[in-house]
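These notes concern the structure reproduced below.
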Amino acid sequence: MVARIVEVEAYRGSDDPASHAFRGLTTRNAPMFGNPGHAYIYFTYGNHYCLNVTTQAPGTPGAVLFRAVQPVEGISAMRFFRPNVSDSELTNGPGKLTKALAISKSLNEHDMTLRGPLFVTDRGKSNFEIWSSTRVGIRSGLDRLWRFYINGNPYVSKKGGLREQQLLR
DNA sequence: TCGAAGATTCTA
DNA sequence: AGAATCTTCGAA
């Protein structure tokens, strides 16, 4: 399966009250303190896995949450993992996309920079506008516009953040 | 050891 | 608007 990342959120450490790493190292958030480019996957609300990729040097917590992706290849497989929903609802949320792509805790701390079961790659330039807004589903850190998404992309999650602003072409 | 909250989703 | 559902965290 192949999907294009269309919506993400940034999380940091002790300077970010919305981050799992705000209060320091714990069993769950340990990947955030590890090597960059690795998966940080956590289970939440008793139902859903959420996928992040770590971003900082070891010892400094930081990660980017995948909030929505656009199906590119293997759409029938995604439909198998998420039956009874329309194509636009297949991957337009952090819990939805992990289910559609069959991502679970077994891939936690996986190196996403190497070719393997789960990795990120650059498929070249496209024309789109990146906008930012407040992050979704958090109660603190609302002063930061750290949700980033492709403006107008139909696979961006419906429930967006506030105070949107345009960033790049 | 226990209680509360949670980077969500689905249903009524 | 509210339930589902359970892991993780922090306080006691």
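Letters A, B, ... mirror the listed sequences (proteins, then strands); counts begin at 1. What's counted below: heavy atoms across the whole structure, side chains too, no hydrogens, waters or symmetry copies. As the structure is a prediction and not an experimental result, all values here were calculated from the model.
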What's the [atom1]-[atom2] distance between [X] and [N], to the nearest Å?
{"X": "Arg135(A)", "N": "dG6(B)", "atom1": "CZ", "atom2": "C1'", "result": "15 Å"}
{"X": "Phe81(A)", "N": "dT9(B)", "atom1": "CZ", "atom2": "P", "result": "18 Å"}
{"X": "Leu90(A)", "N": "dT9(B)", "atom1": "CG", "atom2": "C1'", "result": "14 Å"}
{"X": "Ile138(A)", "N": "dT8(B)", "atom1": "CD1", "atom2": "P", "result": "9 Å"}
{"X": "Leu97(A)", "N": "dT8(B)", "atom1": "CG", "atom2": "P", "result": "11 Å"}
{"X": "Tyr42(A)", "N": "dT9(B)", "atom1": "OH", "atom2": "C1'", "result": "13 Å"}
{"X": "Asn84(A)", "N": "dC10(B)", "atom1": "CG", "atom2": "C1'", "result": "12 Å"}
{"X": "Phe66(A)", "N": "dA7(B)", "atom1": "CZ", "atom2": "P", "result": "18 Å"}

Trace of the side chain to side chain contact (heavy atoms under 4.5 Å, CB included) decision for Cys50(A) with Thr44(A): CA-CA 8 Å; Cys50(A) 291; Thr44(A) 192; 4.2 Å; yes
Short side-chain to backbone donor-acceptor contact, Arg82(A) and Leu90(A), under 3.5 Å: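 Yes, Arg82(A) side chain to Leu90(A) backbone: donor-acceptor pair under 3.5 Å.
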Backbone N/O of Tyr49(A) and side chain of Thr98(A): donor-acceptor pair under 3.5 Å: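 At least one qualifying donor-acceptor pair exists.
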More than 12 heavy atoms of other groups within 6.0 Å of Phe119(A) CZ: yes
Worked verdict on Trp131(A) versus Phe148(A) for side chain to side chain contact (heavy atoms under 4.5 Å, CB included): CA-CA 6 Å; Trp131(A) 287 47; Phe148(A) 304 92; over 6 Å; no
Nucleic acid contacts of residues 143-155 of chain A, taken as heavy-atom distances under 4.0 Å to DNA chain B: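 Residues of residues 143-155 of chain A that come under 4.0 Å of DNA chain B do not exist, since none gets that close.
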Nucleic acid contacts - residues 4-19 of chain A versus DNA chain B, non-hydrogen atoms under 4.0 Å: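 Per residue number, the list reads Tyr11(A), Ala18(A).
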5'-most by nearest nucleotide on DNA chain B - Arg139(A) or Glu89(A): Arg139(A)
Footprint string (nucleotides 1-12 of chain C, 5' to 3'): B base within contact, S backbone only, - free, heavy atoms under 4.0 Å: ---BBBSSSS--
Check: residues 57-77 of chain A side-chain donor-acceptor pairs under 3.5 Å, at least two apart:
| unit_1 | atom_1 | unit_2 | atom_2 | d |
| --- | --- | --- | --- | --- |
| Arg67(A) | NE | Glu7(A) | OE2 | 3.0 |
| Gln70(A) | OE1 | Arg4(A) | NH1 | 3.3 |
| Gln70(A) | OE1 | Asn153(A) | ND2 | 3.0 |

Counterpart residues, side-chain hydrogen bond (donor to acceptor under 3.5 Å, both in side chains), relative to Asp15(A) (two or more places apart): Arg12(A)
side-chain hydrogen bond (donor to acceptor under 3.5 Å, both in side chains) partners of Thr113(A), counting only residues at least two apart: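 With neighbours one apart ignored, the set is Asp111(A).
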Which pairs of donor and acceptor atoms, one on a side chain in residues 29-40 of chain A, lie under 3.5 Å apart (sequence neighbours left out)?
| unit_1 | atom_1 | unit_2 | atom_2 | d |
| --- | --- | --- | --- | --- |
| Asn29(A) | OD1 | Thr26(A) | N | 2.8 |
| Asn29(A) | OD1 | Thr26(A) | OG1 | 3.3 |
| Asn29(A) | ND2 | His20(A) | O | 2.9 |
| Asn29(A) | ND2 | Gly24(A) | O | 2.9 |
| Asn29(A) | ND2 | Thr26(A) | OG1 | 3.2 |
| His38(A) | ND1 | Glu109(A) | O | 3.0 |
| Tyr40(A) | OH | His20(A) | ND1 | 2.7 |

Hydrophobic cluster (4.5 angstrom, side-chain heavy atoms) - remaining members for Val136(A):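 Result for Val136(A) is none, singleton.
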Canonical and wobble pairing (Watson-Crick, G-U, under 3.5 Å) of DNA chain B, dot-bracket with |: ||||||.||||.
Salt bridge (charged side-chain N to carboxylate O under 4.0 Å, His left out) pairs, two or more places apart, involving residues 92-104 of chain A: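 Sorted pair list: Glu89(A)-Lys96(A).
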Salt bridge (charged side-chain N to carboxylate O under 4.0 Å, His left out) partners of residues 25-43 of chain A, not counting sequence neighbours, each pair once: none
Results of ring pair (Phe, Tyr, Trp, His ring centres under 6.0 Å) for Phe22(A) - residues two or more places apart only: none
Within 45° cone of Phe81(A) ring axis and under 6.0 Å: Arg79(A) NZ or CZ: no
